[in-house]
Amino acid sequence: MEKYLRTPIKEIIGTYPPVGALLEEYRIGCVPCSVGTCLLADIVEIHNLSPEDEGALMAGIAGIVAPGRVVALPEPRSRRPETTRKLSYSPPMKALVDEHRHILRFLAVLPAVIDRFDARSEADRALVRDGIDFVRSYADRFHHAKEEDILFACFDPGLDILKAMREDHERGRAHVRAAGEALARCDGEGIAANLHGYAGVLAEHIKKEDEILYPWMDRNLSMRQVGELFARFRAVDERFAEDRKKYESFVGRLEDAYAEPISEVR
Amino acid sequence: MMSGCPGSRTMTFPKDGGTEAPSGVVPSQLRQWPIQLHLVSPQAPYFQGADVVLAADCVPFAMGNFHNAYLKGKALAIACPKLDGDQEVYVEKIRGLFEDAKINSLTVTIMQVPCCRGLLGLAMQALKGSSRKVPVKSVIVSLQGEVLQEEWASA
């Protein structure tokens with residue numbers, strides 16, 4: 001079993017597809033993950049299952065990868081206390097989750113923008129240019145920079161989960177770059193394909209961060225680290241204060257112009 | 001029938017011969033003096049930039065592992081929201097910790113009895129009135145020292 005614990009999850013699911021379904025039963029959504037380099041052992045730890053669930057999951061996986069054989073299962077880890085398992089974010093994590101909500105509101109209205117886009121219209125091209133500016137400035141320069149430069153630095157940079165998050169950021173950036181290039185040559189299809197691609201990557205990425213990564217980080221950060229993150233995030237917020245207002249109100253204007261107001265996107 | 005204030009109701013907790021008592025001397029994690037909230041000053045060097053625990057008086061007695069679980073690496077102030085007087089001074093002093101000592105974080109540990117919530121209330125009142133914000137976490141401890149709840153507080 002040790003061998004499988006040290007194997008990337010995508011490789012395990014690729015070889016033994018029922019493992020994916022079994023993980024889903026425990027609300028571990030690795031199947032749709034486009035990266036899948038996390039090791040099985042890390043995934044089990046990150047999801048903080050109860051010792052009973054962890055034991056049952058391991059036995060189930062052993063039954064799939066080595067049917068009919070007696071496999072030595074790892075001792076279930078003692079779970080963090082129930083009180084700290086509640087999905088209650090520390091203040092710095094809460095700030096990131098709140099920023100996600102603005103990005104999700106933008107993603108929610110994006111299909112309507114793409115549907116009505118006319119490459120011959122200067123007004124439509126300007127709007128897409130503003131949308132790309134929102135993504136580059138708010139989502140990437142402001143929000144992702146907080147994550148990559150400050151938050152991730154609190155953890156071992158070699159962690160697979162962090163590599164997967166950085167890869168998501170890079171894939172998002174590649175789509176935005178390509179959308180910008182398509183805009184420059186008035187290529188409506190290229191713009192649509194890349195903005196849809198970006199929305200797909202980011203929506204899945206944000207779900208992973210809100211539901212898995214941030215709660216795991218909160219369980220592992222000390223009070224010292226939480227306080228320092230809070231102070232450093234606020235310093236970034238102060239530097240970006242004016243732009244932040246501008247970009248957050250841009251999302252509101254976009255919603256007003258293109259869609260029904262989206263009161264609850266999550 | 002149970003009646004009266006849960007904070008002063010008489011109870012006993014039978015123990016079977018001191019099970020799970022650690023062997024040897026358990027070192028103290030206290031790094032300062034004084035500790036009582038009326039006696040400490042936000043100007044004290046041990047508060048500057050520190051992670052601070054504000055503990056209700058009863059918590060370190062109820063919780064066998066208080067030193068290692070909550071005090072280690074932190075500065076301390078203790079108070080009783082039920083019995084202590086001049087609590088407006090407490091609010092100002094805690095605000096001084098946020099604004100003047102520029103503490104990094106505050107952990108408020110209280111007992112499960114209702115009156116103990118007052119200490120968290122004082123801390124939140126101070127945070128609300130402070131121009132500088134820091135993360136505040138509340139920890140509720142049972143009469144026998146178990147952590148019942150940990151949660152982040154917002155002003």
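Naming: A, B, ... by sequence-line order, numbering from 1 per chain.
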What's the shortest heavy-atom distance between Gly49(B) and Arg224(A), and which atoms?
O-NH2, 2.7 Å

Greater than 12 external heavy atoms within 6.0 Å of Phe61(B)'s CZ
no

Does NZ in Lys72(B) sit with more than 12 non-hydrogen atoms of other residues, nucleotides or ligands closer than 6.0 Å?
no

Measuring from Glu228(A):CD to Asp51(B):CG, what's the distance to the nearest 0.5 Å?
7.5 Å

Does CZ in Arg117(B) sit with more than 12 non-hydrogen atoms of other residues, nucleotides or ligands closer than 6.0 Å?
no

If I take atom NZ from residue Lys137(B) and atom OG from residue Ser88(A), how far apart are they, to the nearest 0.5 angstrom?
9.0 Å

For Leu106(B), is it the side chain, the backbone, both, or neither that has a heavy atom closer than 4.5 Å to a heavy atom of chain A?
backbone

How far apart are the C-alpha atoms of Lys94(A) and Trp152(B), what are their side-chain angles, what is the distance that settles it, and do they pass the side-chain contact (heavy atoms from CB on, under 4.5 Å) test?
CA-CA 10 Å; Lys94(A) 174 77 167 50; Trp152(B) 296 100; over 6 Å; no

Where do Gly227(A) and Asn104(B) come nearest, in terms of heavy atoms and distance?
C-OD1, 3.1 Å

